[in-house]
Amino acid sequence: MEKEIKEITHVTIRFAGDSGDGMQLTGNIFGDTTALVGNDLSTLPDYPSEIRAPAGTLYGVSGFQLHFGSQEIYTPGDQPDVLVAMNPAALKVNLKDLYPGAIIIVNEDAFDQKNLQLAHFESNPLEDGSLSQFQVIKVPITTLTLNALEGMGLSMKEMTRCKNFFVLGLTYWMFDRPLEPTINWIKEKFGKNPKIAEANEKALKAGYYFGDTAEIFTMRFSVKPAKLEPGIYRNIMGNEAIALGFVAASKKAGIPLFQGSYPITPASEILHELSALRNYDVITFQAEDEIAGICTAIGASFAGGLGVTTTSGPGFSLKSEAMGLAVMAELPLVIVDVQRAGPSTGMPTKTEQGDLLQALFGRNGEAPIPIIAAKSPADCFNAAYEASRIAIKYMTPVIVMSEGYIAQGAEPWRIPNPEDLPEIEVNFAKPEDFQETKFQPYLRNELNVRPWAIPGTPGLEHRIGGLEKRHITGEVTSDPANHEFMVKLREQKIQKIADEIPPQEVYGDPEGDLLVLGWGGTFGAIRDAVNRVRAKGYKVSQAHLFYINPMPKNLGEILHNFNKILIPELNLGQLAFVIRAKYLVPVYQLNKIQGLPFRSSEVENKIYELLGVK
Amino acid sequence: MEKEIKEITHVTIRFAGDSGDGMQLTGNIFGDTTALVGNDLSTLPDYPSEIRAPAGTLYGVSGFQLHFGSQEIYTPGDQPDVLVAMNPAALKVNLKDLYPGAIIIVNEDAFDQKNLQLAHFESNPLEDGSLSQFQVIKVPITTLTLNALEGMGLSMKEMTRCKNFFVLGLTYWMFDRPLEPTINWIKEKFGKNPKIAEANEKALKAGYYFGDTAEIFTMRFSVKPAKLEPGIYRNIMGNEAIALGFVAASKKAGIPLFQGSYPITPASEILHELSALRNYDVITFQAEDEIAGICTAIGASFAGGLGVTTTSGPGFSLKSEAMGLAVMAELPLVIVDVQRAGPSTGMPTKTEQGDLLQALFGRNGEAPIPIIAAKSPADCFNAAYEASRIAIKYMTPVIVMSEGYIAQGAEPWRIPNPEDLPEIEVNFAKPEDFQETKFQPYLRNELNVRPWAIPGTPGLEHRIGGLEKRHITGEVTSDPANHEFMVKLREQKIQKIADEIPPQEVYGDPEGDLLVLGWGGTFGAIRDAVNRVRAKGYKVSQAHLFYINPMPKNLGEILHNFNKILIPELNLGQLAFVIRAKYLVPVYQLNKIQGLPFRSSEVENKIYELLGVK
Amino acid sequence: MTTIAPEVKYTPKDFQSDQDVRWCPGCGDYSILAQVQRTLPLLNIRKEDYVFVSGIGCSSRFPYYVDLYGFHGIHGRAPAIATGIKLVNPKLSVWVATGDGDLLSIGGNHFIHACRKNIDLKILLFNNRIYGLTKGQYSPTSELNKVTKSSPYGSVDYPFNPVALAIGTEATFVARSMDRDPKHLQEMILRAGQHKGLAFLEIYQNCNIFNDGAFFHLTEKEYKADNVVYLKHGEPLIFGKENDKGIRMDGMTPVVVSLKDGKWSKDDLLIHNEFNEDPAYASMLAHMNEKPGLPTPVGVFRQIYKPTYDEMLHEQIRKVKEKKGEGDLRKLFFDATTWEIK
Amino acid sequence: MTTIAPEVKYTPKDFQSDQDVRWCPGCGDYSILAQVQRTLPLLNIRKEDYVFVSGIGCSSRFPYYVDLYGFHGIHGRAPAIATGIKLVNPKLSVWVATGDGDLLSIGGNHFIHACRKNIDLKILLFNNRIYGLTKGQYSPTSELNKVTKSSPYGSVDYPFNPVALAIGTEATFVARSMDRDPKHLQEMILRAGQHKGLAFLEIYQNCNIFNDGAFFHLTEKEYKADNVVYLKHGEPLIFGKENDKGIRMDGMTPVVVSLKDGKWSKDDLLIHNEFNEDPAYASMLAHMNEKPGLPTPVGVFRQIYKPTYDEMLHEQIRKVKEKKGEGDLRKLFFDATTWEIK
Ligand SMILES: Cc1ncc(C[n+]2csc(CCOP(=O)(O)OP(=O)(O)O)c2C)c(N)n1
Ligand SMILES: Cc1ncc(C[n+]2csc(CCOP(=O)(O)OP(=O)(O)O)c2C)c(N)n1
Ligand code: SF4
Ligand code: SF4
Ligand SMILES: [Mg+2]
Ligand SMILES: [Mg+2]
């Protein structure tokens with residue numbers, strides 16, 4: 001029976017099952033294949049903080065969501081159109097997120113009494129009619145996988161493990177994706193274990209053919225390739241992109257990269273990535289704590305390296321004092337804060353934007369630090385690179401704000417040509433330049449930047465530290481006028497960066513009824529929402545901040561060109577607070593503090609509310 | 001010769017000399033006597049960060065300033081009317097601060113070649129005419145002291161040491177103070193060493209009689225008693241007052257006081273004071289670092305004590321993470337930040353107000369904490385007491401902001417009757433209250449406050465911590481809706497404190513041309529300035545914030561009743577930032593970042609500038 | 001430690017909370033939990049007088065699973081939080097449940113200071129030689145060259161020997177046990193609980209997800225007898241499948257001797273003395289297994305008594321009160337030169 | 001440590017900066033400064049390759065007074081800052097100047113981890129058993145019952161034995177000297193500077209303002225000979241005004257014996273072996289003076305060689321480069337499944 005193929009522009013699918021069901025892998029491979037056929041996409045894993053929760057439990061459910069389409073895709077999708085649920089717990093946990101009318105593919109085999117009970121179902125939802133608003137497709141996935149692998153001489157455990165490839169095959173059939181890339185991947189990955197490779201391939205094909213032949217599927221979908229900017233692409237996770245951004249910056253600058261970090265969710269992958277790049281002159285130092293992490297990085301910068309330190313909220317708090325030292329010492333340093341839900345330990349695996357004001361102000365005394373915020377997984381590369389560039393050029397610590405949501409999410413990245421990246425010039429002070437006078441560590445150039453003189457250079461011996469220093473000479477002093485001068489100079493040095501950063505762009509018209517102003521990972525949800533309301537003809541535009549300190553010079557002007565300003569944030573209104581203080585303009589807020597990203601519909605609805613549209 | 005006694009309303013005197021010259025003691029005793037004769041006064045020591053700098057050096061100069069009068073005294077004085085300079089360095093360092101026409105009493109003996117050189121004088125200022133604008137009184141203080149003590153059988157060193165009492169006697173004569181209280185003090189203090197006691201008394205009298213008989217003095221001054229609120233007074237330093245505030249709160253609450261602190265300038269005296277009060281059920285724990293300081297205090301509160309931790313900027317930074325824990329755990333805790341000039345190590349012995357935004361925002365996630373700021377040394381008592389009261393009543397950490405300036409400064413404190421202090425009720429949860437249901441650690445009362453159930457209570461065993469908790473039950477959960485609910489609830493709990501705090505008072509008329517809004521130690525300088533411009537008939541008022549978070553409910557209204565708002569701060573404008581963000585009103589700023597307090601003339605001049613007065 | 005006997009006799013069930021235990025199936029933490037629950041009833045302490053404090057890590061979830069007062073603190077700070085609790089209420093029996101990352105990496109400073117001060121805490125170190133909760137980075141007890149997520153080419157970190165470190169601080173009770181030896185573990189927990197002063201108990205714990213088998217050479221039947229020697233006070237150090245090997249001191253150096261060939265007998269062996277005041281003795285035991293052929297000691301390395309911090313503190317309070325009288329607010333306020341304004 | 005000889009021969013003056021030294025007159029820090037300035041010229045290191053890192057404290061002002069690259073960091077963090085410097089440029093000779101508060105109180109964790117990892121740093125601990133800069137609170141090395149500003153009734157803190165703590169971490173070089181023994185101090189600084197790996201040198205330092213005389217029983221003529229024993233490799237432990245006392249091992253316990261009464265001779269004494277790999281040996285020496293009648297050892301307690309962290313790290317980098325080739329950005333960017341959009 002030939003089945004109808006319906007063309008759709010985009011679709012959101014979520015794979016959900018036990019931690020042991022391999023849903024992360026399934027999602028990732030599905031993503032790779034989807035990218036290869038030319039769709040734009042965005043992915044987001046969502047796993048429990050327990051390492052291996054007992055099978056079948058609600059808190060043990062691991063999910064992976066994927067949004068792909070023939071148009072530009074900005075988020076991993078609001079609500080899944082398709083849910084694959086490997087057991088009752090996975091169904092229970094995800095049900096509330098689905099579109100009404102969504103397709104649910106369930107592993108029928110897993111709906112036994114024990115699992116139903118573990119998932120706190122009082123009756124079997126596959127039978128009690130409670131799913132009537134959805135299109136439920138019951139597939140005995142375990143049985144079918146076992147059948148397919150019968151006689152291969154594999155253990156029960158080994159066979160059951162293959163069921164995620166069965167699911168993958170089934171969804172490939174549904175969305176008309178090719179099998180070859182995955183078959184090749186399997187062969188490479190399991191090269192050392194041909195039997196397992198064969199089994200996975202068999203399961204994959206079994207899933208695909210099951211879709212084709214079973215009577216229960218009436219519909220297939222096809223998603224045409226997206227029109228993306230030409231180039232070579234790869235998928236990239238936010239944390240990976242940060243790592244690559246740092247390596248790129250250090251290579252362009254021609255200095256070694258030093259990362260001093262302490263593991264913490266959801267930032268650890270930056271450490272993992274970089275620790276594998278020893279041949280790139282990358283030194284990763286797993287420090288005893290976050291304070292040692294930043295302090296080793298400061299030492300590294302003093303010695304002529306690009307010092308970076310990466311962490312999440314609790315660790316970011318611990319670095320406060322040392323950030324002040326970096327401000328005083330005026331050394332390049334990049335601090336990455338991959339935000340997670342706070343306060344305190346909070347909800348470690350959940351996303352949030354709660355650390356903005358801490359990044360701006362969380363240090364004793366007047367200690368200004370530039371801040372850059374990444375808007376998406378791929379943008380993390382730009383953020384890390386630009387932060388490094390500014391840190392080196394201005395001899396200053398720079399903070400990069402990321403979020404669990406984009407750190408763990410992935411999207412296609414148009415791979416840049418290394419030659420096209422902005423130059424990063426390093427001018428270590430040279431003995432020749434100081435033959436007339438003694439070396440003066442706080443002499444400044446036209447940008448108020450002091451020289452970087454590194455140990456090992458004869459004749460430039462000097463001392464720096466956290467005490468206030470005399471202008472030019474760097475001697476320790478508590479001269480009142482000098483202190484005021486230096487405090488202002490440090491502030492001005494940072495504000496002056498605004499002279500070179502690009503003006504803030506506005507997406508949509510430069511003036512109108514409403515401007516949606518955002519920062520960080522809310523970008524995609526806002527863009528989708530703005531696109532939708534603009535499509536209906538409303539005068540709504542978007543401005544999304546990459547530079548948070550200093551802000552682009554034209555931002556004030558932009559704000560005054562709109563009747564209303566809406567700032568959606570995953571916090572209680574931190575950017576809103578800053579905008580009000582800086583520009584004295586009233587702003588509307590949309591705040592969500594649930595450990596979850598915005599749905600674009602949430603932003604959209606708020607826009608309508610502010611426009612007075614019912 | 002009878003010398004004329006001129007009556008004056010107030011005078012500022014500064015004693016300055018080498019660290020070894022005993023100027024701090026001189027100042028303190030002068031202050032005590034001055035208080036006894038009924039003047040109002042305010043004092044401020046100013047010493048170098050070096051422990052014992054070499055004699056005669058500029059950076060070794062130690063000073064003590066005193067402002068006293070027959071009217072209310074709000075600051076230690078802008079510019080000294082009288083300077084006592086024990087050596088050339090003391091003269092050099094202090095000259096720039098003097099009023100033109102000021103009286104300078106110098107120890108002529110110390111102006112030898114070596115000392116002049118150490119003080120970087122090219123010629124002897126006593127001879128080269130460079131002091132012509134001042135009334136210089138040259139006294140061979142060392143010689144006269146030695147003469148007075150001749151034949152007592154004392155060593156040279158012992159005799160020279162007495163010269164500060166000679167100075168004291170001389171100034172007593174100048175300002176018509178009695179000798180008896182000091183003579184009594186000497187007897188008590190040096191009781192064990194009657195010879196030294198006698199020598200000091202002799203020196204004191206010698207100074208007094210020298211003033212009386214020497215031809216060089218033409219003028220004496222008298223300062224009448226001030227009209228202060230009736231009561232019993234004592235002098236008190238800010239740090240001392242904080243210590244007493246805590247002890248008072250713990251006694252009123254009937255729970256032990258626990259201080260977990262790490263020494264740091266200028267906060268250490270709080271630890272010193274409290275460690276001497278073992279019989280008041282005060283446990284001081286000198287922790288291994290600031291993090292242990294706050295964490296032990298949190299543990300102490302969990303166990304039913306009043307946990308407090310005291311520090312200055314760098315240590316305050318280190319406590320960031322643990323403050324978040326206290327927010328999440330909802331335990332009483334008071335954190336004192338005695339601010340000093342930053343950023344980083346900055347200028348440890350100098351004052352500043354640079355930590356306000358850190359206090360508000362220096363934690364990961366949304367972690368609201370009430371903030372109270374002391375305005376003067378005596379007010380530190382109120383701040384510590386009120387912070388403790390709120391911490392216990394609302395089960396929350398509270399931050400007390402102090403500053404080096406008020407922490408080390410002293411003023412008369414009207415001693416309160418312990419019975420008159422506001423009640424602090426402690427209601428530990430009791431087993432009886434939870435007989436029907438299981439104990440619920442996050443059940444809340446009408447103020448959203450959870451119960452305090454302390455270990456040792458049978459039946460109330462429960463677990464708390466830094467992970468997000470479910471409303472009421474306190475179970476760990478990452479339920480999205482619960483998280484948003486709890487984040488907002490914690491914020492509202494703090495904002496609700498505004499319901500009970502007194503409305504903001506305005507000094508002067510409730511509306512007018514200019515409101516000077518301030519916080520912390522700038523109070524006195526602002527009050528003096530406002531008094532002066534009001535005396536000239538200008539419509540200028542003062543509002544000074546004690547509660548910074550939450551702010552008094554009527555503040556917005558007050559702000560709108562004035563044409564202009566001026567916020568003087570010892571930082572780049574941190575309160576100004578908050579006021580702009582919260583009330584969307586434009587504000588004028590006066591910022592000084594010199595490690596020094598405001599002079600009231602600086603505030604006064606700014607007021608005239610804003611009023612358009614030339 | 002409270003000395004008042006509980007009115008009721010407890011059973012392990014009394015120490016089980018209603019929370020689902022969320023460790024990975026097979027994790028060694030389950031055994032430690034079970035042994036604690038079995039042992040607490042044997043201590044003469046009322047349920048409400050126990051407090052369990054932890055930091056962050058898989059192991060630090062421990063307090064949720066015992067039905068006692070508990071504080072799940074922040075990473076590394078459990079000893080400090082526990083100290084505050086103990087000092088305010090010295091009657092409480094305060095325990096710290098912690099991991100090798102929590103206690104020895106970020107928490108190292110609080111650990112050594114708590115040991116130095118001899119604060120009366122019981123510290124249970126769940127040493128799995130890995131960061132479990134953050135999914136498998138090497139820890140300060142991981143062996144050199146360890147390949148993990150953050151050391152794909154092998155770590156270049158020498159590990160701490162936690163027992164030796166504790167002895168370097170002169171901790172008053174230092175012991176070691178293993179998750180897979182329930183009886184011994186119970187005994188050690190009991191001993192730690194009974195000690196007056198800081199008790200440090202290192203527990204080798206298997207993380208079957210990220211570091212499976214790290215201690216199998218010590219815990220599994222086929223190796224255990226030859227690789228582990230049980231320290232028992234007053235008894236010679238004997239080990240081996242057939243109890244055929246002993247430890248003899250050759251000067252200051254421990255060596256293995258055979259008890260089979262007639263050359264050496266039990267009388268020649270090192271007799272363990274837990275109460276040896278000299279930390280150097282315990283240090284010798286702690287470093288024994290670094291020498292080729294020598295077994296790993298488990299048991300109590302050292303137990304000495306000296307006044308605890310909390311004792312001395314409260315004794316000082318008592319004495320000052322005795323001398324100066326109970327603090328009186330009015331007296332305190334007036335303790336300076338005062339004057340009256342009428 | 002760079003091995004290239006400086007072209008010029010340095011004199012102590014080359015290591016003097018132009019800054020006024022701001023310690024109190026009479027402070028023991030002056031002597032340490034002078035001995036460092038006298039010793040550095042003897043090490044085969046170019047001036048520009050030295051870096052001095054410090055934290056906060058009187059002692060931590062040290063870097064300002066030597067005319068070298070210097071970093072006056074924040075309180076307690078010097079070992080971490082120094083580590084970053086050393087790892088980025090292993091050719092540098094990186095020194096830490098620190099105090100007992102800076103290194104052992106707030107900085108304790110960085111200290112023990114730097115020791116454990118054997119990072120090639122030279123740590124000079126100025127131990128005056130007090131917080132100097134903050135005007136006299138007791139420190140983690142102050143003796144029990146010490147009366148200070150923060151302990152008016154006497155502290156209830158047992159002190160650290162810094163040498164024993166370092167040995168507990170298995171530091172590869174551990175030594176002790178005294179401000180008032182310039183010759184010995186110079187020798188120890190030289191030895192520390194020559195050691196490959198972490199060198200920890202505790203220096204007893206007199207704070208004449210807040211803790212005057214803390215070490216006079218060891219440093220002053222009238223007591224020194226009877227209270228101090230100099231450790232010299234390969235030589236017996238002899239001390240006393242007339243070199244008439246020795247240390248003998250009684251089993252594992254050191255005891256004092258008289259060399260005068262004919263019962264014992266030099267041959268019976270403990271012969272010092274710096275290179276003894278067993279930390280228990282150094283531990284025995286470290287705790288010796290806790291026993292009544294035994295002298296305080298100064299000198300090198302332990303020096304062993306094992307690869308340093310920085311060596312192993314850079315060796316790993318070298319090997320990975322050898323295997324994978326110099327990192328190439330383009331290769332890195334493309335190291336994933338890629339696709340082209342035209
Ligand atoms: C300040 C801070 N830094 C880092 C983390 C992340 N973190 C949580 S647990 C952990 C290590 C846990 O290792 P261990 O103590 O050995 O416990 P295990 O999980 O192995 O039982 C880390 C690094 C954190 N929660 N807080
Ligand atoms: C984070 C922080 N906490 C506290 C201080 C205050 N402080 C400065 S030096 C010091 C102790 C110094 O003692 P030590 O290291 O022994 O040095 P010494 O002055 O005795 O040489 C302290 C507590 C600080 N500067 N920074
Ligand atoms: S990750 Fe390891 S230590 Fe953590 S629960 Fe799982 S098995 Fe246990
Ligand atoms: S206070 Fe003590 S340690 Fe500091 S400089 Fe003075 S004498 Fe030296
Ligand atoms: Mg572990
Ligand atoms: Mg010291």
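The figures that follow rest on heavy atoms only: side chains count, while hydrogens, waters and symmetry mates do not.
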Rounded to the nearest 0.5 Å, what separates atom [atom1] in [X] from atom [atom2] in [Y]?
| X | Y | atom1 | atom2 | result |
| --- | --- | --- | --- | --- |
| D/I317 | A/D281 | CD1 | CG | 6.5 Å |
| D/D310 | A/F285 | CG | CZ | 10.5 Å |
| A/L325 | D/I74 | CG | CD1 | 5.0 Å |
| A/H462 | D/Y64 | NE2 | OH | 11.5 Å |

What part of [X] gets within 4.5 angstrom of chain D, counting heavy atoms only: side chain, backbone, both, or neither?
| X | result |
| --- | --- |
| A/P225 | neither |
| A/L36 | both |
| A/P412 | both |
| A/V37 | neither |
| A/L460 | both |
| A/A297 | neither |
| A/L331 | side chain |
| A/E229 | backbone |
| A/W413 | side chain |

Pick whichever of A/A322, A/G456, A/C295, A/P455 has the most heavy-atom pairs under 4.5 Å with chain D. A/P455
Interface residue of largest heavy-atom contact number with chain D, from A/A300, A/G465, A/A303, A/G466, under 4.5 Å: A/A300
For [X] against [Y], the heavy-atom pair lying closest together:
| X | Y | value |
| --- | --- | --- |
| D/V66 | A/R463 | O-NH1, 3.5 Å |
| A/L228 | D/I341 | O-CG2, 3.4 Å |
| D/K117 | A/Q286 | NZ-O, 3.3 Å |
| D/Y309 | A/T284 | OH-O, 4.5 Å |
| D/K342 | A/P230 | C-CB, 3.8 Å |

Flag, side chain of D/Y69 to backbone of A/T457, donor-acceptor distance under 3.5 Å: yes
Result for side-chain contact (heavy atoms from CB on, under 4.5 Å) between D/V320 and one of A/N279, A/L277, A/V282 points to A/N279
More than 12 non-hydrogen atoms from neighbouring residues, nucleotides or ligands closer than 6.0 Å to NZ on A/K227, yes or no? no
Is it true that, when you exclude A/K430 itself, more than 12 heavy atoms of the residues, nucleotides or ligands shown sit nearer than 6.0 Å to its NZ? yes
Where on [X] is there a heavy atom nearer than 4.5 Å to chain A: the side chain, the backbone, both, or neither?
| X | value |
| --- | --- |
| D/V53 | neither |
| D/E322 | neither |
| D/R61 | side chain |
| D/S17 | side chain |
| D/K324 | both |

Identify whether the distance between the nearest side-chain nitrogen and carboxylate oxygen of A/R278 and D/E315 falls below 4.0 Å. no
State whether D/D328 and A/K251 are salt-bridged, where the test is any N-O pair (Lys NZ or Arg NE/NH1/NH2 against Asp/Glu carboxylate O) under 4.0 Å. no
Does [X] reach the side chain of [Y], with side-chain heavy atoms less than 4.5 Å apart?
| X | Y | value |
| --- | --- | --- |
| A/I294 | D/R77 | no |
| D/D18 | A/K438 | yes |
| D/N109 | A/I291 | no |
| D/L313 | A/I283 | yes |

Determine the option with the most heavy-atom pairs under 4.5 angstrom with chain A, choosing from [options].
| options | answer |
| --- | --- |
| D/H110, D/R116, D/E340 | D/H110 |
| D/Y50, D/W339, D/F333 | D/W339 |
| D/T83, D/L332, D/T337, D/V51 | D/L332 |
| D/N89, D/L87, D/I112, D/V94 | D/L87 |

Should the ring pair A/F302 and D/F71 be called parallel, tilted or perpendicular, given that the plane angle runs from 0 to 90° and is split at 30 and 60? perpendicular
Give the intermediate values and the outcome of salt bridge (charged side-chain N to carboxylate O under 4.0 Å, His left out) for residues D/D335 and A/R234. CA-CA 9 Å; D/D335 186 19; A/R234 61 175 280 191; over 6 Å; no
